[in-house]
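Below: one structure, written as structure tokens.
We're numbering straight along the sequence, starting at 1.
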Amino acid sequence: MTLPSWRDSSRGGKIRAALWLETEIGEGNVFTKAQLRQAFPDVAQIDRRLRDLRDYGWRIDTYRDDPSLKQEEQRYVKRGAAVWLPGQARTPEHKNSLSAAQRMRVLQEDNHLCRSCGIGSGESYGDGVELSHLHVARRKVRLPDGTRTVQLVTECKRCGAGAGDREVDIGALLNQVAALSPLEQRIFAGWIKEDSRKPSSLEKLWGVYRTLPEESRKAVALALNGGAQ
């Protein structure tokens, strides 16, 4: 079956983005944000229209989902619903089920912080690029009995952009908790009670070291080895 043209401007941005992925990119292939925007200079917020496809079963990975990708790259992994066909592009039911009261409740339960990175609304990421914006996201959860459901959580725009088709397996997580030593369980329980965990000085040093160019990493390694070659 011949697909409609993604260049047809009478169609919505989401449909055109889906057709572009199918006809120009192809499953398993990588594309960049620049390529996307170049293809759709006439569509406002084309990045968001592309992300909307995930609600229809389309899988589009970013560098957060696939470490082999660069920050500006995305991979078209799997096609979802044929949104260009009549009846296939209807807004998913769960998109209409969240009221203002529900949003406020989730934000309050999460202390108005992104549960992925901990940033608050309107705060700086520290890179001078933008301020944070929080929203309530839907997270796929697999319960210990194997049941799959969707639960609500607060996250910022940046963390949400890389969420992809992520699913949390609560059963597997509980098994990992049970495998901890008694001391590790007490420490973990403390983090949960405080709902925070400050990295140690050693972890902060490691975080800085990880960002260094190779020449600088070698200099640090040499210093730790007492200057021995």
Side-chain angles (χ1 to χ4, degrees), residues 1-100 103 114 116-117 119 121-122 125 127-140 148 150 152-167:
M1 177 180 177
T2 302
L3 295 177
S5 173
W6 63 271
R7 300 179 186 276
D8 184 355
S9 59
S10 67
R11 299 178 181 274
K14 176 178 67 206
I15 293 176
R16 292 179 64 193
L19 291 168
W20 180 74
L21 288 176
E22 276 290 278
T23 58
E24 299 294 322
I25 304 301
E27 287 189 6
N29 294 319
V30 173
F31 63 96
T32 66
K33 294 180 180 179
Q35 286 178 297
L36 176 66
R37 291 166 184 166
Q38 184 177 8
F40 298 97
D42 58 326
V43 181
Q45 297 183 318
I46 186 60
D47 301 70
R48 180 175 295 182
R49 302 289 80 79
L50 186 77
R51 291 198 299 272
D52 287 344
L53 289 172
R54 294 186 176 121
D55 291 319
Y56 299 85
W58 292 67
R59 181 177 169 186
I60 305 162
D61 284 357
T62 70
Y63 73 99
R64 296 180 186 273
D65 308 298
D66 183 347
S68 70
L69 294 173
K70 297 177 181 179
Q71 187 167 357
E72 70 275 10
E73 293 179 332
Q74 297 182 64
R75 176 177 280 108
Y76 170 33
V77 180
K78 184 181 70 173
R79 169 178 157 177
V83 294
W84 51 85
L85 297 178
Q88 294 295 309
R90 290 178 298 186
T91 301
E93 183 179 348
H94 68 75
K95 291 294 252 185
N96 294 323
S97 61
L98 196 59
S99 67
R103 291 178 186 274
C114 173
S116 294
C117 71
I119 200 169
S121 180
Y125 287 99
D127 55 12
V129 177
E130 62 179 337
L131 299 180
S132 66
H133 175 72
L134 300 181
H135 68 279
V136 175
R138 292 161 177 84
R139 185 68 45 78
K140 294 180 180 179
R148 283 182 165 85
V150 174
L152 304 176
V153 66
T154 303
E155 64 183 10
C156 69
K157 179 181 177 182
R158 282 194 180 182
C159 291
D165 201 28
R166 180 173 55 184
E167 180 180 82

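- With a 4.5 Å cut-off on side-chain heavy atoms, Val77 and Asp65 do not count as touching.
- Side-chain atoms of Arg54 come within 3.5 Å of backbone atoms of Ile60 as a donor-acceptor pair (strictly under, hydrogens ignored).
- Residues passing the side chain to side chain donor-acceptor pair (under 3.5 Å) test with Glu24 are Trp6, sequence neighbours excluded.
- Residues Arg11 and Pro4 form a side-chain contact, since some pair of their non-hydrogen atoms from C-beta on lies under 4.5 Å apart.
- Between Val83 and Ala18, the shortest heavy-atom contact is CG2-CB, 3.7 Å.
- Rounding to the nearest 0.5 angstrom, the gap separating the CD atom in Gln74 from the NZ atom in Lys33 is 6.5 Å.
- Looking only at side-chain heavy atoms (C-beta outward), Lys14 and Tyr56 come within less than 4.5 Å of each other.
- His135 and Cys156 get closest at one heavy-atom pair: CE1-O, 3.7 Å.
- Salt bridge present: Asp66 and Arg75 bring a charged side-chain N and a carboxylate O closer than 4.0 Å.
- Annotation: the span from Ile15 atom CD1 to Leu85 atom CG amounts to 9.0 Å, rounded to 0.5 Å.
- Taking both residues in full, the closest heavy atoms of Gly13 and Ile46 are given as O-CD1, 4.0 Å, listed atom of the first, atom of the second, then distance.
- In this structure, Arg16 and Asp8 have side chains that are not in contact, with every pair of non-hydrogen atoms separated by 4.5 Å or more.
- With rounding to the nearest 0.5 angstrom, the CD1 atom of Ile119 is 8.0 Å from the CG atom of Leu131.
- Interatomic distance, Trp58 CH2 to Asp52 CG, rounded to the nearest 0.5 Å: 13.0 Å.
- The aromatic rings of Trp20 and Phe31 sit perpendicular, their planes meeting at an angle over 60°, well past the 30° parallel limit.
- Between Arg139 and Ser116, the shortest heavy-atom contact is NH2-OG, 4.5 Å.
- With hydrogens and angles ignored, the 3.5 Å screen pairs no side-chain donor or acceptor of Thr32 with any backbone N or O of Glu73.
- We find the CD-CZ distance between Gln45 and Arg37 to be 11.0 Å, quoted to the nearest 0.5 Å.
- With Glu27 contributing its side chain and Arg79 its backbone, the two residues share a donor-acceptor pair below 3.5 Å.
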